[in-house]
Amino acid sequence: MRFSRLFAPTKKESPADAEIPSHKLLTRAGFIRKVASGLYDILPLGTRVILKVEKIVREEMNSAGAQEVILPIMHPSELWQESGRWDVYGKEMIKFKDRHERDYALGPTAEEVITDLVRKEVKSYKDLPLNLYQIGRKFRDEIRPRFGLMRAREFIMKDAYSFHTSDEDAEREYWNMYETYSRIFKRMGLEFKAVLADTGEIGGNFSHEFLVIADTGESKLVYCEKCGYAASTEKAAQRRPQVPEGRATKFKEVEKVHTPRIRRIEEVSEFLKVPQEDILKLLVYVVDGKPVAVAIRGDREVEETKLKNAFRAKEVRLATDEEIEEFTGQPKGYLSPVNLSIPVYADYSVIPMVNFVAGAGEEDYHLKNVNWGRDFEVKDFIDVSEVRSGEPCPECGAPLVQKRGIEVGHIFKLGTKYSQAMGATFVDEDGQEKPMVMGCYGIGITRVMAAAVEQNHDENGIVWPFEIAPFEVIVIPTNVKKDEIRSLAEDIYENLKREGFDVLIDDRNARPGFKFKDADLIGIPFQVIVGKRAPEGIVELKVRKSGERFEVEASKVGEKIR
Ligand code: ATP
Ligand code: MG
Ligand code: MG
Ligand code: MG
């Protein structure tokens, strides 16, 4: 490819709404353009990357025994009614009507459509197992589309679905996909971790997310360098040790202090000269109709979604002032965990607190030198705070490391949820009709491109891993008006193409500094700079990632890259 013909509109400025490097750089380097919120054009450079990502995914999925299909994007509502998800999927699903007033959705995922196909065509155990996948567009009307391709409303996903005669066979395929995903992301040259993830309503221990490690990632994970345990921070929180129940409620060392008209945490902190971190706060929630007190540290608010997860509850809300009085017999703002008649659950971060300050359950008084166990009882931990670096590994006790990551893949053992709801059954060897056991496996193809940039860039631009780079090599003649330079560059270009490389030649009549800037921004792994020593047949080879430069003979460039 010749740069003079390439549609790669590079820019100096980042888009105003771009918050993270991948969004900025993919726009500036001419890979993507925004059409509207969460909708993007993918330009030739971007398309080359996407096709390489897809190629790796196809090769590995095929060699793992999966078969590619193409399913419609437009899903009739009847199928989603059958699975029960038409009404529960929520606003993320884009729904519309056809000319006959029939309801449809743009598929956000395809369990229903694929289960419909398989239930109609597969009847016998002899036709199973089956793993079918597609690489296609998905539509999700995200509340907050952002970060460019990372969280778009229309994006490309590889989604695979497998069907089995038994739980064991579904489990075997699950680990087959686990290995396949590991190979895929390794081949792409990405640093990633497969972490245990929450299985939500389906339950069991069969869900892993594949996260590309990057500081800007929206997911948090912890892992153990000693034994290899890795989990999302929420999943890890479920493995925290339980609190031993303290029984003593005699306040031997507790000091009751007069704190006239002082209620707010900042006022208590100032008045008693204790840091806010050492003040315990109690919040009373109504969790599925039952009152629950949550002890938290300082003035952090407990997020309702975290409480929902911790209690596996449907509805969580803060109690009203009247309810607090009714449930606890204590006034709001002076609530004390001591002698409270409702259970106290503690945020994990309060457990190490000693000699702290708490309400006295009485207006104008606080308690000093309160201690867990000794002074009041804690029922249990809840995972309202995330697992952090340094906490013990639930498997081996070694300190965990916390990092951020980008979810690029997700594998899930579904069991019989969809096959049962939609009647996808088969006749087993013994003549019995049984529901198929299913699994599903997704990879965010367009998100992979963004994640790769998030992990691989520097102040000058993108640094593509070789396997998914839009071009592997760029040949840069420093001055196309000089014959020796231009003709040597053209020779190298032709030779590299013949040797099988993906090559771009910057044949533009422009200043070398301008060309170098573009080459760095676009992030092609190798640059061959043809300049002063062209008459001797010597060129410079620059490695984009390390910035190293070597002088090499023109005929040896291909060899050096390999
Ligand atoms: P997230 O937690 O980021 O919202 P998800 O868990 O909802 O993702 P899945 O349903 O597991 O996503 O879909 C499979 C894969 O599709 C994800 O692992 C991710 O890589 C990709 N993906 C999901 N939503 C988007 C999106 N809005 N834009 C781009 N890729 C996405
Ligand atoms: Mg989502
Ligand atoms: Mg997710
Ligand atoms: Mg997911």
Side-chain angles (χ1 to χ4, degrees), residues 20 37-40 57 80 85 88-95 105-112 114 133-162 174 177-178 180-182 184-185 190 192-214 216-222 230-238 303 305-306 308-309 383 386-387 403-415 417-418 438-448 450-451 454:
I20 59 168
S37 170
L39 303 174
Y40 288 86
V57 170
W80 287 75
R85 289 207 292 180
V88 301
Y89 204 93
K91 292 207 165 151
E92 233 175 78
M93 188 151 74
I94 296 178
K95 297 175 175 175
L106 293 179
T109 174
E111 284 82 2
E112 284 77 1
I114 198 92
Y133 76 97
Q134 60 173 345
I135 296 180
R137 285 162 192 268
K138 293 286 173 290
F139 297 80
R140 294 185 184 180
D141 201 358
E142 300 274 356
I143 308 180
R144 273 223 298 164
R146 57 189 198 143
F147 299 159
L149 293 181
M150 201 76 90
R151 186 168 297 286
R153 296 197 297 166
E154 175 172 347
F155 56 98
I156 302 173
M157 196 202 285
K158 185 285 298 180
D159 46 327
Y161 307 86
S162 70
Y174 181 90
M177 285 295 110
Y178 182 98
T180 303
Y181 275 39
S182 303
I184 287 173
F185 296 118
L190 300 172
F192 69 95
K193 281 246 182 280
V195 304
L196 280 165
D198 218 339
T199 44
E201 44 166 344
I202 291 170
N205 224 354
F206 283 97
S207 175
H208 280 85
E209 286 169 356
F210 286 75
L211 306 180
V212 163
I213 306 300
T216 49
E218 292 184 284
S219 310
K220 284 184 190 156
L221 67 142
V222 284
S232 68
T233 51
E234 299 89 35
K235 185 78 184 169
Q238 294 170 6
E303 287 171 39
T305 47
K306 286 181 180 169
K308 258 190 193 166
N309 288 338
D383 58 346
E386 70 211 20
V387 175
K403 284 204 174 156
R404 280 179 169 275
I406 300 163
E407 182 189 328
V408 288
H410 196 168
I411 60 174
F412 214 113
K413 193 173 138 209
L414 293 169
K417 178 182 153 125
Y418 294 94
M438 292 172 59
C440 72
Y441 321 93
I443 291 182
I445 301 283
T446 37
R447 187 181 280 184
V448 164
E454 219 46 63

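Along the sequence shown, residues are numbered consecutively beginning with 1. Read the numbers this way: they start at 1 and go in the same order the structure lists the ligands and their atoms. Note that the structure is a prediction, hence the values are computed from the model and not measured.
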Discussion item. Tell me the closest heavy-atom pair linking Ala451 and Val408, and the distance in Å.
Written reply: CB-CG1, 3.8 Å
Discussion item. Going by side chain to side chain contact (heavy atoms under 4.5 Å, CB included), name the residues that satisfy it together with Arg85, two or more places apart in sequence or in a different chain.
Written reply: Trp80, Ser83, Val88, Tyr89, Thr109, Glu111, Glu112, Tyr418
Discussion item. According to salt bridge (charged side-chain N to carboxylate O under 4.0 Å, His left out), who are the partners of Lys220, at least two apart in sequence or on a separate chain?
Written reply: Glu386
Discussion item. Between Tyr178 and Phe210, is the ring centroid distance below 6.0 Å?
Written reply: yes
Worksheet item: Any donor and acceptor pair, going by atom type alone, linking the side chain of Arg447 with main-chain N or O of Glu407 inside 3.5 Å?
Response: yes
Fill in: Under 2.8 Å from the Mg ion (ligand 4), the protein N, O or S atoms, given as residue and atom
Glu407 OE2, His410 ND1
Item to complete: Please name all residues satisfying side chain to side chain contact (heavy atoms under 4.5 Å, CB included) with Ala214, sequence neighbours left out, ordered by chain then number.
Response: Thr216, Ile406, Glu454
